[in-house]
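A quick write-up on the structure given underneath.
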Amino acid sequence: MLSERIQRLSNKVRNTQPTIDLNRARLFTEYYSHPSMDNYILRRAKAFRHYLQEREIFIDEDSWLAGHQGGQWESVVMFPESTKWLRDDFDTLDKRPSDHFQFRSEEEKKELRDIVEIWKDQTTGDFMDSLLDDNMRPMLELGLMTHGISQQSTMNHSPDYDHLIKRGYRYYIDQCKKNLEELSVNDVADFEKRIAWESMIIVMEAVIAFSHRYADLAEKQAAECTDEKRKAELLTMADNCRYVPENPPRTFLEAAQFVWINHLAQSLEAAGGDHCLGRFDQYMYAFWQKEKDDHSEQYFQDVIHELKLKVAEMWNARCYKESVADPGNPLWMHIILGGVKENGKDACNEVTRIFLRAMRDLQTDEPCITFRYHPNIDEETFRLAIEVARDNGGHPAFYNDTTAITYLLSLGFTLKEARNWGICGCIEPHVLGKTDFQSNPGYFNPIKILDLTLHNGFSPEINMQIGPKTGDPRDWTDIEDVKAAFTEQLEFFMERFVSMYNRTLAAHAYTFPTVLGSCFSVGCLEKGKLLQNKGSDHHYSAIAMAGFADMVDSLEAIDKCVFRDKAMSMDELIHLLDTNFEGAEEKRQMLLNKAPKFGNDVEEVDEYSYWVIDTLDTCMKQYHDAQGGPFTVLVATQAYNVEMGKWVGATPNGRLAFTPLADNVSPSVGMDTHGPTAVVNSLACCDELVPQSGLLLNQRFDPAVVAGEKGLDIIETVFRAHFNQNGYHIQVNVFDDETLRAAQKDPDSYRNILVRVAGYSAYFVDLSEEVQNNIIERTIQTGL
């Protein structure tokens, strides 16, 4: 049962209208308006310090943990120095169909507009845009790819909190000071180290001082407080903020305060996100053990609830197009539960179970909760996690330790390191504290490339030969000709995608350093290099693919209907696609129903799933990113399958033009008709050990079918069948159509229904109607 305090905090998070907070925009602009000979890294560190020193702070009357993103509830922080889109989309901020914000006043709206004008043509986004070649722009215009990190930091900072909270900031500051004392500046490289270590000290000291500001405010409020219980809470808060993050925490509450203030500061340093909160049940277990006899389970749950609500209150403002493509304010900030320890033994403990039991009473859209499965998982804990996901909006999502560890071993980590993995971005595994990972080079659209392949590299939309001439499809005699031409087109566009991304990534080293994120990533402090300048020993990037099932199903449809059965000619197929099947519904139904579809355990079509993944992986493995790291395959679209579908005409699998693509690695909508076990069997044909950043699988179940213990048996059977075949990820929605349709009609009565969109959850009523409909249209499983 929720305490009244947590219920009040939850209501504030859910029911407060988000408002734009000018503190960061105002203070960064103010700092950069003064001339300086400081190196750009030092200048950025000092700008961040100035912001933390001068920004508004407040302490809510119900809080045990200090710190908010802005100066009031539900503040939306702006990053005018990086976001070119803020100028382009300014007038949409308070008028968007989803994720819209209010200004505190017309005066503040005018002030932000003036700030945006000051940064005109000078933002990171402007600079990144200038790096594009003319041949890249039409590729972006056609939706062949997106531009990824052009207006956000390289983000994905995931400290190993287990080590961080055992040391405290002062340990890392002392290490930097020791390195500076031993440094002789004799060349350029030495001077770069000096700048890096000085900057690290500046930002860490700034966060300590930021925490002390909350201590001062808590003491002030305590002195004025007449309620003895609240006075004691404020004094405890003051003591905690005076002590952490400078020093290792001493209590469960103090450890939560440490994690939160560090996470908040990382998020405020630069536009970005995806920062992982690590293996909560592992680094908090010792504190629970020490205090378990002094507090009730309700106490520990209250701390967990408040930490989650702190994250849920955060906002990441995006450009208009992304606010539509990824509605519901996804942050992709994960808390990890379960899995194995570094010795390979089961890591589930009582904190794992306390956390899961807390989720029964309160689900939040953020943070994302990740549950790590392995063959020797504690059965009671696994069942509890499944029950929570079934009954409470899809959290947690489930991941396979065996597959994730295999990915990380293949990327050069030791077994001991690989076992200490978390999630950054959507579903991508990485080693906590030892990985400089980039989850957003951009989306890549293979099904659009197939469309161009069928037009010999020519784009009718822009009347331009945009790809290579790979032959007139009417001359092809079998599916191997299609695959060969597609592969040539893929390699052409992949080279340009990589070139675009690498220019952008390289530019980050000189325009957009993340100093605080570098402090706690192994390699950076030791070398005197920031993450963006190859500070970490491990760097790699994931390229996200869209329209997977559309691609697989289209290859099978071409093979069966054109080549094997000769039910239509290639010329006829291309005409059908160009005219969006106008007047030819019978032919469309043939493509839809005569050719088998991915997700039904049919070897004939599932073999194409392996070919698609292997071809994409082989193609991108030819390249390295700007820091020398490998590229990895990720099949995860978020809600971009809806937006990217608007760029893709009719496809050979019978999909109509400009309608949503298949989501993530799930089967095309309505095409999986043989149950969830057939779906995971089809997916096993991909060889899930190949795509080193994973395949995201959504499954939707009928609530009546999976009710009770027998229902848990059904879900567990599907999960184990998936994981026993090296399946990496699976997540569930358990809602019937009637409930979701009712929520569309009467959103106020269904405000707290959470659904899994992709690698994140969102409140159903906060999603656009297009995305809502796409979720409703997903196949609802009614058995095994």
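Because the structure is a prediction, the values reported are computed rather than measured.
In this structure, R503 fails the cation-pi test against Y501, since its NZ or CZ atom is not both closer than 6.0 Å to the six-membered ring centre and inside 45 degrees of the ring normal.
Applying the salt bridge (Lys or Arg N to Asp or Glu O under 4.0 Å) definition to pairs two or more places apart or across chains, those involving residues 690-700 are R700-D737. Within the structure, salt bridge (Lys or Arg N to Asp or Glu O under 4.0 Å) pairs that include any residue of residues 597-607 comprise R564-E604 (at least two apart or interchain). Counting only residues at least two apart or on different chains, no salt bridge (Lys or Arg N to Asp or Glu O under 4.0 Å) pair has a member in residues 148-159. Applying the ring-ring contact (aromatic ring centres under 6.0 Å, His included) test to pairs two or more places apart or on separate chains, those with a residue in residues 425-446 are F437-Y540, Y443-Y640, F444-F497. Annotation: salt bridge (Lys or Arg N to Asp or Glu O under 4.0 Å) contacts involving residues 625-643, sequence neighbours excluded, comprise E643-K646.
Taking the side chain to side chain contact (heavy atoms under 4.5 Å, CB included) definition, one finds that F658 meets it with nothing, sequence neighbours left out. Considering only residues two or more places apart in sequence or on other chains, T414 meets the side chain to side chain contact (heavy atoms under 4.5 Å, CB included) condition with K416, E417. Applying the side chain to side chain contact (heavy atoms under 4.5 Å, CB included) criterion to N316, with sequence neighbours excluded, gives R318, N329, L331. Residues passing the side-chain hydrogen bond (donor to acceptor under 3.5 Å, both in side chains) test with S521: none are found, sequence neighbours excluded. Scored by the side-chain hydrogen bond (donor to acceptor under 3.5 Å, both in side chains) test, H722 finds no partners at all (sequence neighbours excluded). Here P396 pairs with L356, M359, I369, F371, A385, V388, A389, F398 under the side chain to side chain contact (heavy atoms under 4.5 Å, CB included) rule; sequence neighbours left out.
Nearest approach of I543 to M494, heavy atoms of both residues: CD1-SD, 4.0 Å.
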Candidate pair E488 and T470, rule side-chain hydrogen bond (donor to acceptor under 3.5 Å, both in side chains), full reasoning:
CA-CA 7 Å; E488 185 177 342; T470 47; 5.6 Å; no
Throw together a table of side-chain donor-acceptor distances under 3.5 angstrom for residues 689-697, partners on residues two or more places apart or in other chains.
unit_1, atom_1, unit_2, atom_2, d
Q692, OE1, K621, NZ, 2.7
Q692, NE2, S410, OG, 2.8
S693, OG, T632, OG1, 2.6

